[in-house]
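Computed from a predicted model, the values in this text were never measured in an experiment. Numbered from 1 within each chain, the chains take letters A, B, ... in sequence-line order.
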There are 2 protein chains.
Amino acid sequence: MSPELRPATRRPRGPRPGGSDTRAAILAAAREEFATRGYDGATIRGIAAGADVDPALVHHYFGSKEKLFAAALELPFNPGEIFARVLVGGIDGVGERLLRAVFAAWKEVGARAAAMAVLRTATSSDQGAAMLREFLERNILQRIAAELTPDRARLRAGLVASQMAGLLMARYVIRLPALATATDEEIIAAVAPNLQRYLTGDIAGTE
Amino acid sequence: MSPELRPATRRPRGPRPGGSDTRAAILAAAREEFATRGYDGATIRGIAAGADVDPALVHHYFGSKEKLFAAALELPFNPGEIFARVLVGGIDGVGERLLRAVFAAWKEVGARAAAMAVLRTATSSDQGAAMLREFLERNILQRIAAELTPDRARLRAGLVASQMAGLLMARYVIRLPALATATDEEIIAAVAPNLQRYLTGDIAGTE
């Protein structure tokens with residue numbers, strides 16, 4: 001199907017250009033472009049071509065490559081939302097439920113390529129690191145901290161993030177054999193109590 | 001100083017080409033090249049130029065770009081050696097001593113650029129991930145596991161690596177504010193007991 005036919009045939013009465021499906025199409029194209037080419041290699045023009053829209057529309061929606069990247073960083077599954085969901089059952093046992101939810105989400109969407117792209121960008125420059133930092137702060141850490149008692153809530157959230165990030169990287173990205181071959185239950189038995197301690201335990205060494 | 005003059009003026013009676021200083025010069029040039037250009041962009045020719053040697057000498061010492069990379073991955077500080085040192089005091093308190101040693105080494109050498117380069121390479125391709133995996137297995141995890149009782153030693157070592165990697169990434173690479181602004185003592189009080197549990201505690205959930 002040629003690009004000029006597609007809008008008419010696919011969305012005859014839709015709100016394009018300007019609807020939420022256009023925005024979603026741009027984000028999907030941006031994720032593919034960033035994953036394939038990395039942050040520096042990705043272009044607004046290429047993303048626009050992937051979404052089958054005019055580059056001006058990408059600028060209209062997202063303003064800049066940086067802002068588009070931040071939006072695209074919202075992974076297929078959102079760790080902050082996962083955390084909010086697992087908190088419904090109360091703070092007890094959150095460590096275990098968090099691991100189960102993240103393992104399930106990870107397998108479902110095949111998130112390794114997205115995680116590698118995020119890490120590659122974050123380690124390519126100070127700007128890339130800053131973008132990931134802002135994403136984590138805004139979308140994950142603030143949500144976790146909001147659910148905790150005020151005592152060192154930000155530090156606790158950061159510690160949970162450090163263990164989760166290291167675990168996902170070691171198990172799924174680097175694929176360390178001992179972690180890649182361990183069962184989910186083995187990992188959960190080992191890691192959940194440590195996460196729970198970060199969330200609700202004594203982390204000041206005063207007990 | 002021109003390249004053709006340098007060997008004669010700098011090492012009039014040294015063992016070049018063929019001594020350990022040649023090897024060290026190639027490794028230093030390789031680290032710079034891999035950090036600047038990434039694994040795919042780095043070339044044996046460029047590394048040889050940086051070390052002021054013939055490319056054939058690089059092949060002679062390291063055989064291939066892959067092998068040179070593995071050698072170059074031996075960071076300014078070697079986590080496996082650090083772990084061996086902190087174990088001298090016995091397994092009790094290793095979590096805390098490991099954190100203190102790694103924090104000190106990290107600050108001393110300014111390892112952020114090296115860590116970013118390693119992560120960038122590891123997330124650039126399956127080959128990059130495999131190279132980091134092999135490095136971690138051979139240089140760090142096997143050393144840690146060798147010091148532990150045989151019960152789940154490899155899994156315990158992998159769990160320690162996951163927490164240390166996630167902590168260093170979150171605190172020094174991504175620089176999450178809550179972790180970047182916390183003092184070493186705050187981090188140690190929070191993280192050391194979790195590392196210690198991975199090393200010597202009940203990680204099977206049977207207690």
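Heavy-atom distances place the side chain of Arg197(B), and not its backbone, under 4.5 Å from chain A. Using a 4.5 Å cut-off between heavy atoms, Ala170(A) touches chain B through its side chain atoms alone. Using a 4.5 Å cut-off between heavy atoms, Arg175(A) contacts chain B through both its backbone and its side chain. When heavy atoms are compared at a cutoff of 4.5 Å, Arg156(A) does not approach chain B at all.
Interface check for chain B: of the options Met169(A), Gln163(A), Glu186(A), Arg152(A), the most heavy-atom pairs under 4.5 Å are formed by Gln163(A). Ranked by heavy-atom pairs under 4.5 Å with chain B, the list Ala178(A), Ala190(A), Pro193(A) is led by Ala190(A). Contact tally against chain A (heavy-atom pairs below 4.5 Å) for Pro177(B), Ala161(B), Gly166(B), Ser162(B): the top residue is Ser162(B). The residue among Leu159(A), Val173(A), Ile187(A) with the most heavy atom pairs within less than 4.5 Å of chain B is Leu159(A). Your options are Ile203(A), Leu167(A), Asn194(A), and the one with the most heavy-atom pairs under 4.5 Å with chain B is Asn194(A).
With Arg23(A) contributing its side chain and Phe62(A) its backbone, the two residues share no donor-acceptor pair below 3.5 Å. Distance alone, capped at 3.5 Å, places no donor-acceptor pair between the Lys65(A) side chain and the Ile44(A) backbone. Under the 3.5 Å distance criterion, the side-chain polar atoms of Arg133(A) are matched with a main-chain donor or acceptor of Ile174(B).
Using bins of under 30°, 30° to 60° and over 60° for the plane-to-plane angle, the ring pair Tyr172(B)/Phe103(B) lands in the perpendicular bin.
Residues Met164(B) and Leu195(B) meet the side-chain proximity criterion, which asks for heavy atoms closer than 4.5 Å. For the pair Ile144(B) and Leu199(B), the minimum side-chain heavy-atom distance is below 4.5 Å.
Within the structure, the side-chain hydrogen bond (donor to acceptor under 3.5 Å, both in side chains) test picks out the following pairs touching residues 87-97 of chain B (sequence neighbours left out): Glu96(B)-Arg100(B).
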